[in-house]
Protein chains: 2
Amino acid sequence: MPSEAVDNYLKAIYEIAGDDGRASTASLARKLSVAPASVTGMLQKLAVRNPAPVEYEKHHGARLSDHGKQRALEVIRHHRLIELFLHRMLGYSWDEVHDEAERLEHAISEQLEDRIAERLGDPEVDPHGHPIPRKDGTIPPRRDLSLLDLFVGAKTMVSRVSDNDPEILRYLSELGITPGTTLHLTERAPFDGPLMLEVGPDKEKHALGPRVAGEIRVVPPAANGETTG
Amino acid sequence: MPSEAVDNYLKAIYEIAGDDGRASTASLARKLSVAPASVTGMLQKLAVRNPAPVEYEKHHGARLSDHGKQRALEVIRHHRLIELFLHRMLGYSWDEVHDEAERLEHAISEQLEDRIAERLGDPEVDPHGHPIPRKDGTIPPRRDLSLLDLFVGAKTMVSRVSDNDPEILRYLSELGITPGTTLHLTERAPFDGPLMLEVGPDKEKHALGPRVAGEIRVVPPAANGETTG
DNA sequence: GAATTCTTTTAGGGCTGTCTAAATAAAATA
DNA sequence: TATTTTATTTAGACAGCCCTAAAAGAATTC
C-alpha cells in the first residue's frame with residue numbers, strides 16, 4: 001500500500017494531467033505545497049518502484065502508468081464517497097466536506113469504502129456533479145443527479161422527475177416543478193430534513209421533504225472553485 | 001497537533017497505567033509492537049517537549065502529565081465514538097470495528113467528532129461498556145446502557161426498561177423481558193434492523209425492532225479481550 | 001554480598017519525505 | 001544565434017520514527 005504522501009502525488013498528477021497527460025514538476029510543487037526539488041526526488045523514486053506508478057523523464061514531467069492510474073482513481077473514489085457521506089449522513093455543507101475528506105480518504109479500509117457506497121446506494125456522482133470512479137476503475141458517464149445530492153447553494157435545472165409515483169408527480173406540478181424548471185437550493189436541514197428551494201423565474205419558495213426530492217433529477221451544476229470535490 | 005505515532009504512545013500509556021501510574025518501557029514496546037530502544041528514544045523526546053505530554057525518569061518508565069492525559073482521552077474518545085458509529089450506522093460487528101477505528105481516530109477533525117457524537121445522541125458508553133470520555137476530559141460513571149448499544153454476541157441482563165410507554169411495557173412483559181432477565185444478543189440486521197435475542201433461562205428466541213430495543217437498558221457486559229474498544 | 005538474569009539505555013544506522021543552495025538544461029527574447 | 005530568464009535537477013542536510021548490537025543499571029537468586 002502506497003504511503004499517504006505517494007497517494008497525494010498520484011492524485012495530484014491525475015488532477016493536473018488527467019489519465020494520459022504529463023504533469024510538470026512546478027505544477028505538482030504548487031498543488032502539493034512542497035518545493036520543486038522535493039517533487040523531482042519523489043518522482044525519481046516512484047519511477048523505479050516495482051510496479052512503478054509513474055513514468056518519468058527528466059525535464060518532461062510525470063505521467064501515470066496504468067498501475068498509478070488505478071491507484072489515483074481509488075483514492076479519488078474514497079474522497080468523493082466520503083464527501084457525499086458527510087453531506088448526506090452528517091449534515092456537512094459544501095465548503096466543509098473537502099478538508100475532512102482529504103484526510104479520511106487515506107484512512108478508510110476497502111470494507112468501509114464498500115459500506116459507505118452501499119449506504120449511499122452506489123452513487124455515481126458527488127454533489128458537485130463530479131463522477132465517482134467505480135471500483136473497477138471505470139468512470140460513470142456524466143449525467144443528471146438526484147436533487148438530494150446537491151449541496152446547499154447550488155443553482156440548477158430539473159432534467160427529469162421519476163415517473164413511478166403519480167401522486168408525487170401531481171404534487172410537483174402544483175409546485176411548478178417540471179423538467180426545465182430552474183431551482184436554487186437555499187437551505188437544507190440536516191439528517192434527512194427538508195430542502196428549501198427557490199423555484200422557477202419567480203423564485204417561489206417551497207420546502208420539499210427528502211422523499212419527494214429524491215424523485216427529482218437535475219442537471220449537474222458547473223463545478224466551480226474546488227477541483228477535487 | 002501531535003503526530004499519529006505520539007498519539008499512539010500516549011494512548012498506550014493511558015491504557016497500561018491509567019491516568020496516574022507509570023508504564024514501563026517493555027510494556028509499551030509490547031503494546032506498540034516496537035523495539036524497547038525505540039520506546040526509550042520516544043519517551044526521552046516527549047519528556048522535553050513543551051508542553052511535555054509525559055514525565056519520564058530513567059529506568060522508571062513514563063507517566064502522563066495533565067497535558068498528555070488530556071490528549072490521550074481525546075484520542076480514546078475519538079476511537080470509541082467511531083466504533084459506536086460504525087456499529088450503529090454502518091452495520092459493523094464487534095470484531096470489525098476496532099481496526100477501522102484505530103486508523104480513523106487520528107484522521108477526524110473536532111468538527112466531525114462533534115457531529116458523530118451528536119448523531120449518536122452524545123453517548124456515554126460504547127457497546128462494550130467502556131465509557132466514552134467527554135469533551136472536557138471527564139469520564140462518565142459506568143452505568144447501564146441501551147440494548148441498541150450492544151454488539152452481537154453480548155450476554156447481559158436487563159437493568160431497567162424505559163417507563164414512558166405502557167404499550168411497549170405490556171409487550172415486553174409478554175415476551176418475558178423485565179428487569180433481571182438475562183439476554184443474549186445473537187444477531188442483528190444492519191441499518192436499524194431487528195435484533196435477535198435469546199431471552200431468559202429458557203433461551204426463548206425473539207426478534208425485537210429498534211424502537212422497542214431502544215427502551216431496554218442492560219448492564220454493561222464485562223469487557224473482555226480487546227482493551228480499547 | 002556476589003553473581004546471574006532481566007530490563008533499559010546508549011551508540012550508530014536506515015528509510016521516508018522534506019528543505020535550501022547551487023548547478024544545469026530548456027525556453028524565451030533580443 | 002547569443003543571451004537572458006525560467007524550470008528543473010543535483011548535492012547535501014535534517015526531522016521523525018524506526019532498527020540492531022552492545023553497554024549499563026536494577027532486580028533476583030544463591
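In this text the structure is predicted, and so the values were computed from the model without any measurement. Protein chains get the first letters and strands the later ones, always in sequence-line order, with residue 1 at the start of each.
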Separation of D/dA26 C1' from B/His59 NE2 (nearest whole Å): 8 Å
Qualifying residues under salt bridge (charged side-chain N to carboxylate O under 4.0 Å, His left out), relative to [X], sequence neighbours excluded:
X       : value
A/Glu4  : none
B/Glu74 : B/Arg71
A/Arg30 : none

Over 12 foreign heavy atoms within 6.0 Å of NZ, A/Lys135: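 Yes - once you tally the heavy atoms of other residues, nucleotides and ligands closer than 6.0 Å, there are more than 12.
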N-O pairing of B/Glu105 and B/Arg80 below 4.0 Å: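 So B/Glu105 does not pair with B/Arg80 through a salt bridge.
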Partner of B/Tyr92 under side chain to side chain donor-acceptor pair (under 3.5 Å), chosen from B/Glu100, B/His98, B/Glu83, B/His87: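 Among B/Glu100, B/His98, B/Glu83, B/His87, the one that satisfies the side chain to side chain donor-acceptor pair (under 3.5 Å) with B/Tyr92 is B/Glu100.
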Distance test, side-chain N/O of A/Lys58 to OP1/OP2 of D/dT10, below 4.0 Å: yes
5' to 3' contact window, DNA chain C with chain B (heavy-atom distance under 4.0 Å):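 From 5' to 3', the first and last contacting nucleotides are C/dT8 to C/dT10.
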Contact pattern, 5' to 3', of nucleotides 17-22 of chain D - B, S or - by protein heavy atom under 4.0 Å: BSBB--
Touch class at under 4.0 angstrom, heavy-atom based, for A/Thr40 against every strand present: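 Base, at least one base heavy atom under 4.0 Å.
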Name of the residue among B/Asp114, B/Ile82, B/Leu81 meeting side chain to side chain contact (heavy atoms under 4.5 Å, CB included) with B/Ile108: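 When B/Asp114, B/Ile82, B/Leu81 are each tested with B/Ile108, the side chain to side chain contact (heavy atoms under 4.5 Å, CB included) holds only for B/Ile82.
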Contacts of type side chain to side chain donor-acceptor pair (under 3.5 Å), residue B/Ser33, not counting sequence neighbours: none
